[in-house]
**Q** 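Below is one structure. I have some questions about it.
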Amino acid sequence: MSILKQIIKTAETVDLLLDKSGVEKKALVMENLKLQLGNEIYERYYFMISETIDLLVNISKHGLKTTINQNVDLLQKDCLKIFSCLK
């Protein structure tokens, strides 16, 4: 199972503990993942794991809000202006 799948599955399981705060739930997810992955892998991916948990919580609370497509459109227009001589 991939690390991402483990993070999601563990977070979903811990989320069922409704009597815990968000900080406590994240700590439980992190502790559980450390046991599942082992110290070496956990330490190597600690930042990614932590940020992924935060992202999952943010998405579940607020949906996925992004400006990626707008930024890509702007980048394409700017690149066309800059490299118009290559047409």
Side-chain angles (χ1 to χ4, degrees):
M1 182 183 311
S2 72
I3 293 175
L4 181 58
K5 286 181 182 178
Q6 284 180 286
I7 293 169
I8 293 169
K9 184 176 179 179
T10 305
E12 288 173 339
T13 302
V14 169
D15 192 46
L16 296 174
L17 304 172
L18 300 176
D19 61 332
K20 303 285 184 187
S21 72
V23 173
E24 291 172 317
K25 288 179 182 179
K26 182 176 180 179
L28 286 171
V29 172
M30 298 291 284
E31 289 173 25
N32 196 294
L33 286 167
K34 187 174 185 176
L35 291 172
Q36 291 178 48
L37 300 172
N39 288 338
E40 184 179 337
I41 293 172
Y42 176 81
E43 292 300 325
R44 182 180 312 148
Y45 296 108
Y46 173 85
F47 181 77
M48 190 265 318
I49 292 168
S50 177
E51 292 297 312
T52 301
I53 293 167
D54 293 342
L55 176 65
L56 291 170
V57 169
N58 196 10
I59 290 171
S60 71
K61 286 185 176 182
H62 308 292
L64 181 60
K65 297 177 183 177
T66 179
T67 60
I68 291 172
N69 289 334
Q70 293 169 351
N71 293 335
V72 169
D73 288 343
L74 287 174
L75 183 60
Q76 284 177 332
K77 289 176 187 174
D78 289 342
C79 285
L80 287 175
K81 288 178 190 173
I82 294 170
F83 296 106
S84 62
C85 63
L86 299 177
K87 287 184 180 180

**Q** Side chains of residues 37-45: which donor-acceptor pairs under 3.5 Å do they make with residues two or more places apart or in other chains?
**A**
residue	atom	partner	partner atom	Å
Glu40	OE2	Arg44	NH2	3.1

**Q** Taking side chain as C-beta onward, heavy atoms only, is Leu55 less than 4.5 Å from Ile59?
**A**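 They are in side-chain contact.
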**Q** Only pairs under 3.5 Å count here: list side-chain donor-acceptor contacts from residues 11-18, not counting sequence neighbours, and write none if there are none.
**A**
residue	atom	partner	partner atom	Å
Thr13	OG1	Lys9	O	2.9
Asp15	OD1	Lys25	NZ	3.2

**Q** How many angstroms lie between atom CD of Glu51 and atom CD1 of Ile49, to the nearest 0.5 angstrom?
**A**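 CD1 of Ile49 is found 11.5 Å from CD of Glu51.
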**Q** Got a second to check how far Ile8's CD1 is from Lys5's NZ, nearest 0.5 Å?
**A**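 Rounded to the nearest 0.5 Å, the CD1-NZ separation comes out at 9.0 Å.
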**Q** Look only at the side chain of Thr52 and the backbone of Met48, and say whether a donor-acceptor pair between them is shorter than 3.5 Å.
**A**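 Present.
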**Q** How would you list, by chain and number, every residue that makes a side-chain contact (heavy atoms from CB on, under 4.5 Å) with Ser60, sequence neighbours excluded?
**A**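 None.
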**Q** For Thr10, which residues count as a side-chain hydrogen bond (donor to acceptor under 3.5 Å, both in side chains) partner, sequence neighbours excluded?
**A**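 With neighbours one apart ignored, the set is Gln36.
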**Q** Just to verify, what does Glu24 make a side-chain hydrogen bond (donor to acceptor under 3.5 Å, both in side chains) with, not counting sequence neighbours?
**A**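 Per chain and number, Glu24 pairs via side-chain hydrogen bond (donor to acceptor under 3.5 Å, both in side chains) with Ser21.
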**Q** Considering residues at least two apart in sequence or located in another chain, which fulfil the side-chain hydrogen bond (donor to acceptor under 3.5 Å, both in side chains) criterion with Ser2?
**A**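 Here no residue qualifies.
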